[in-house]
Amino acid sequence: MYRGRPFFWGLHMTDDLAALAATTEAEIAAATDPRALDAVRVAALGKSGAVTALLKGLGALAPDARRERGAALNVLKTRIEAALDARRLVLDEAALNARLAAERQDMSLPAPPIATGAIHPINRTIEELTAIFGAMGFAVVEGPDIEGDWYNFAALNIPDHHPARQDQDTFYMPGSGPDGRPMVLRTQTSPLQIRTMIAQEPPIRIIAPGRTYRADHDATHSPMFHQVEGLVIDRDITLGHLKGCLTDFLRAFFGIADLPVRFRSSYFPFTEPSMEVDIGWNRKSGELGAGGDWLEILGSGMVHPRVLANCGLDPREWQGFAFGMGIERITMLKHGIPDLRPFFEGDVRWLKHYGSNPLSPANLHEGV
Ligand code: DAH
């Protein structure tokens, strides 16, 4: 704010101060970057600066002279500070302009494409069923894809010349395993039942999702596909537990609270009794639910006493149920995917269409 005083005091600026003001101002004008400007500030106003030295000399003057000289020095100091501030503004602006020029962006250019991956429907199904069974207290186990004949067949009550071996078009590996028996690409996840019962004390509650292999290739069969095995072993496990567990799972997985579920008597060598499980659907529309038709979806049963005994468990003490289901099949049904083959062709258009976005909140384990 103008109060007349600086002007008044300016009149008192003596020649030496005017000269100092002029040289300092010239140096300020000549400073081309903030460091040079700061050096000028320090030389004038710093601890041992020229103006500071003059201010320190005031003490030696008589009071009148001191007042007059002091006022003049203040004018000088203010003038230099103002010049420094003004120059700093100019330099800052120049620096900003230089940066803006250097970092110039052409906003009219198209943005680079963002490549987002997608979760494969098989992995999505495995995640979902793991979450559902996980909530029921099941743990996940894994085992080798190349499996001993004993684990894949014999221990599961499928003896050497049992017709089930032919059903399953087995890939045999060259040579034999440590027990002298053949090694195979596992035709089912059921050997995980054997491995788990041998390795763990009951009670047991596991699922085993994984790859399985059969020499079969057409629109509905792939030589490599996925199954999930389930096994519950405890005292006093009944068919009621099996039915309740699988009914709850199927309703949660397909997201249909009243999905009809039917247990139909069947045969598997490793369960007795055995049951195939059907869900309700409408054959014409393909819609799941109470559509009047039945669709077979998985195999299950009470673990055969001979299988328990093969794993060293006393069938009079321990009972349990097991189930196995095809992961491609339940994935195709849930998402209306018509053909099995593209699951393993790696076509990005298919993956984009049927894959799910890992970052979408809808995909963070819903429906449990
Ligand atoms: N392993 C059978 C298959 O591949 C599926 C299966 C049926 C598994 C019944 C089970 C079961 O555990 O109890 O066709």
Side-chain angles (χ1 to χ4, degrees), residues 129 133 138-143 145 147-159 162-171 184-198 202 204-216 220-234 237-247 249-250 261-279 295-308 310-311 313 315 318-330 340:
L129 60 86
F133 281 113
F138 283 73
V140 174
V141 301
E142 293 182 321
D145 288 22
E147 186 56 282
D149 171 277
W150 187 79
Y151 290 96
N152 194 81
F153 294 121
L156 285 160
N157 199 29
I158 310 174
H162 195 284
R165 296 211 179 201
Q166 269 76 59
D167 289 351
Q168 296 196 352
D169 305 309
T170 311
F171 285 114
V184 301
L185 289 180
R186 65 180 180 197
T187 60
Q188 49 188 352
T189 43
S190 304
L192 269 308
Q193 291 186 32
I194 306 301
R195 290 186 173 273
T196 307
M197 283 189 274
I198 288 175
I204 289 168
R205 216 185 283 187
I206 58 103
I207 55 165
R211 292 186 177 159
T212 46
Y213 307 82
R214 290 182 199 178
D216 215 352
T220 53
H221 295 92
S222 154
M224 189 281 294
F225 58 105
H226 297 75
Q227 287 189 341
V228 58
E229 195 76 11
L231 176 70
V232 172
I233 301 286
D234 207 336
I237 293 289
T238 71
L239 210 53
H241 295 117
L242 178 160
K243 291 173 78 174
C245 173
L246 291 176
T247 303
F249 165 73
L250 291 168
V261 179
R262 179 172 80 169
F263 293 81
R264 185 167 37 76
S265 175
S266 182
Y267 170 76
F268 298 102
F270 32 86
T271 45
E272 184 57 39
S274 301
M275 263 160 302
E276 278 178 309
V277 184
D278 302 335
I279 56 173
L295 187 64
E296 186 222 313
I297 195 119
L298 64 92
S300 67
M302 302 304 290
V303 179
H304 197 293
R306 214 172 289 153
V307 174
L308 293 168
N310 286 342
C311 301
L313 296 179
W318 302 104
Q319 298 83 44
F321 65 86
F323 56 89
M325 103 189 98
I327 291 180
E328 283 77 5
R329 180 160 171 79
I330 59 173
L340 174 73

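Counting convention: from 1, in listed order, for ligands and their atoms alike. Model, not experiment: these values are computed from the prediction. For the numbers below, each heavy atom of this structure counts, side chains included, while hydrogens, waters and symmetry mates do not.
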Geometry only, no angles: is [X] polar-contacting ligand 1 at N/O separations under 3.5 Å?
| X | value |
| --- | --- |
| G299 | no |
| T187 | no |
| S190 | yes |
| F268 | no |

Salt bridge (charged side-chain N to carboxylate O under 4.0 Å, His left out) against E147, all qualifying residues, sequence neighbours excluded =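 Only R195 meet the salt bridge (charged side-chain N to carboxylate O under 4.0 Å, His left out) criterion with E147.
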Taking salt bridge (charged side-chain N to carboxylate O under 4.0 Å, His left out) as the test, write out the residues that go with R264, two or more places apart.
-> E276, D278
Are the side chains of [X] and [Y] in touch, meaning some heavy atoms are under 4.5 Å apart?
| X | Y | value |
| --- | --- | --- |
| F133 | V228 | no |
| T187 | F153 | yes |
| L192 | Q227 | no |

Where R186 and P191 come nearest, the two heavy atoms and their spacing | CB-CG, 4.3 Å
[X], portion touching ligand 1 at heavy-atom distance under 4.0 Å:
| X | value |
| --- | --- |
| F270 | side chain |
| A322 | both |
| Q193 | side chain |

Those atoms of ligand 1 less than 4.0 Å from some heavy atom in [X]:
| X | answer |
| --- | --- |
| T271 | 13 (O) |
| G301 | 13 (O) |
| Q227 | 3 (C), 4 (O) |

For I233, which of I206, V303, T196 qualifies under side-chain contact (heavy atoms from CB on, under 4.5 Å)?
->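 Exactly one candidate clears the test, V303.
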When you measure from atom 3 (C) of ligand 1 to each heavy atom in R214, E229, R186, which option holds the nearest one?
-> R214
Side chain to side chain contact (heavy atoms under 4.5 Å, CB included) evaluation trace for V307 with I194 | CA-CA 8 Å; V307 174; I194 306 301; 3.7 Å; yes
